[in-house]
**Q** 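Right, I'll just put the structure down here and ask away after.
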Amino acid sequence: MANKYLAAILSFLIPGLGQAYAGDIKKGIVYFLIASVALGIISIFFVDSVLNHFYYIINVLIDIYAAYDAYLMAK
């Protein structure tokens, strides 16, 4: 049984790592790829512009959701 707090922290730091730690490696890979691709695409369009804060907001929202999901999975 995985520690729910550790799973949440791992997934907040690297989306998908907490899911993999909780036992669902496929879901962890999907989270990681979606977060990487989504943030990569957003960074192409917004990092050098006035909407730079949009990138950071999306990044934090993805991290929070991934951490919440990992917490529920490990519960």
Side-chain angles (χ1 to χ4, degrees):
M1 187 162 195
N3 183 334
K4 58 187 174 184
Y5 300 111
L6 180 58
I9 291 169
L10 290 173
S11 205
F12 183 78
L13 295 175
I14 300 173
L17 188 58
Q19 284 79 4
Y21 169 74
D24 195 349
I25 294 174
K26 289 180 185 177
K27 189 174 186 179
I29 291 170
V30 169
Y31 266 85
F32 180 75
L33 291 176
I34 288 174
S36 299
V37 170
L39 292 175
I41 291 170
I42 291 170
S43 70
I44 290 170
F45 294 109
F46 295 114
V47 169
D48 292 333
S49 71
V50 177
L51 298 173
N52 190 14
H53 299 292
F54 181 71
Y55 171 80
Y56 295 110
I57 291 169
I58 296 297
N59 188 14
V60 169
L61 290 175
I62 289 172
D63 290 345
I64 289 171
Y65 182 75
Y68 177 70
D69 184 60
Y71 176 85
L72 292 179
M73 286 182 60
K75 201 170 182 183

**Q** Other than Tyr65, which residues form its hydrophobic cluster under the rule that side-chain heavy atoms must be closer than 4.5 Å?
**A**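 Result for Tyr65 is Tyr31.
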**Q** Under 4.5 Å between side-chain heavy atoms, chaining through other members, with only Ile, Leu, Val, Met, Phe, Trp and Tyr counted: pull out the rest of the cluster around Leu61, sorted by chain and number.
**A**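 Joined to Leu61, directly or through intermediates: Ile57.
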**Q** Which donor-acceptor pairs under 3.5 Å do the side chains of residues 8-25 make with protein atoms, sequence neighbours left out?
**A**
residue: Ser11; atom: OG; partner: Gly16; partner atom: N; Å: 3.4
residue: Ser11; atom: OG; partner: Gln19; partner atom: OE1; Å: 2.8
residue: Ser11; atom: OG; partner: Ala66; partner atom: O; Å: 3.1
residue: Gln19; atom: OE1; partner: Gly16; partner atom: N; Å: 3.4
residue: Gln19; atom: NE2; partner: Ala66; partner atom: O; Å: 3.0
residue: Gln19; atom: NE2; partner: Asp69; partner atom: OD2; Å: 3.1
residue: Tyr21; atom: OH; partner: Asn3; partner atom: N; Å: 3.3
residue: Asp24; atom: OD1; partner: Lys27; partner atom: N; Å: 3.3

**Q** When Ile, Leu, Val, Met, Phe, Trp and Tyr are grouped by side-chain heavy atoms lying under 4.5 Å apart, directly or through other members, which residues fall in the same group as Val30?
**A**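 Its cluster partners, ordered by chain and number, are Ile34.
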**Q** Grouping I, L, V, M, F, W and Y whenever their side-chain heavy atoms are under 4.5 Å apart, do Ile62 and Val60 come out in a common cluster?
**A**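 No; Val60 is not reachable from Ile62 via cluster members.
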**Q** Write out all pairs satisfying salt bridge (Lys or Arg N to Asp or Glu O under 4.0 Å) with one or both partners inside residues 56-65, taking only residues at least two apart or from two chains.
**A**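 Counting only pairs at least two positions apart or across chains, no salt bridge (Lys or Arg N to Asp or Glu O under 4.0 Å) contact touches residues 56-65.
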**Q** Run the ring pair (Phe, Tyr, Trp, His ring centres under 6.0 Å) test against Tyr5 and tell me which residues pass, sequence neighbours left out.
**A**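 Once residues adjacent in sequence are excluded, the partners of Tyr5 under the ring pair (Phe, Tyr, Trp, His ring centres under 6.0 Å) criterion are Tyr71.
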